[in-house]
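See below for the structure under consideration.
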Amino acid sequence: MSKGKFALGTILGAAAGLVAGILTAPKSGKETRAELKAKADVLKTDATQKVEKVQTKATDMADDARGRATDAAREAKARAEELKARAERAVEGARKGFNGDPKTK
């Protein structure tokens, strides 16, 4: 089971327990509704803060991954250009050697 599913289950279980406890408490309906609203507001605020934190972390991770991918692409391009230049020099050297270029003798 993933940590996210476990955390979500824990939060939902705590909320259900809270609601059940409030509903079975010996209070008037008006007091119970007010308490439920207050608790719901607190839970909503907490959930909003956690969502914002997760979004920030996800954005940071995506930016980091994008930066690493850009760096890797730049390095791969530089390496490919280096290998291409070496191959061209090798081909040119082979041509000169095969054609009997007087400069190489």
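The first residue in the sequence is number 1, and the count goes up from there. Predicted model only: the values in this text are computed from it and were never measured.
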Inset, instruction - Not counting sequence neighbours, which residues clear side-chain hydrogen bond (donor to acceptor under 3.5 Å, both in side chains) with Asp71? List them please. - result: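 By the side-chain hydrogen bond (donor to acceptor under 3.5 Å, both in side chains) rule, Asp71 matches Arg74.
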
Inset, instruction - Could you pull out all residues at least two apart from Lys37 that satisfy side-chain hydrogen bond (donor to acceptor under 3.5 Å, both in side chains)? - result: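 Lys37: side-chain hydrogen bond (donor to acceptor under 3.5 Å, both in side chains) contacts with Asp41.
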
Please output the side-chain donor-acceptor pairs of residues 61-70 that fall under 3.5 Å, not counting sequence neighbours, one pair per line with the distance.
residue: Asp63; atom: OD1; partner: Arg66; partner atom: NH1; Å: 2.8
residue: Asp64; atom: OD2; partner: Arg68; partner atom: NE; Å: 3.1
residue: Thr70; atom: OG1; partner: Arg66; partner atom: O; Å: 2.9

Side chains of residues 77-92: which donor-acceptor pairs under 3.5 Å do they make with residues two or more places apart or in other chains?
residue: Arg79; atom: NH1; partner: Glu82; partner atom: OE2; Å: 3.1

Donor-acceptor pairs under 3.5 Å, side chain of residues 47-59 to any protein atom, not counting sequence neighbours: which ones?
residue: Thr48; atom: OG1; partner: Lys44; partner atom: O; Å: 2.8
residue: Thr56; atom: OG1; partner: Glu52; partner atom: O; Å: 2.9
residue: Thr59; atom: OG1; partner: Gln55; partner atom: O; Å: 2.9

Inset, instruction - Tell me, please, which residues at least two apart from Leu43 pass side-chain contact (heavy atoms from CB on, under 4.5 Å). - result: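 Partners of Leu43 under the side-chain contact (heavy atoms from CB on, under 4.5 Å) test: Ala15, Leu18.
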
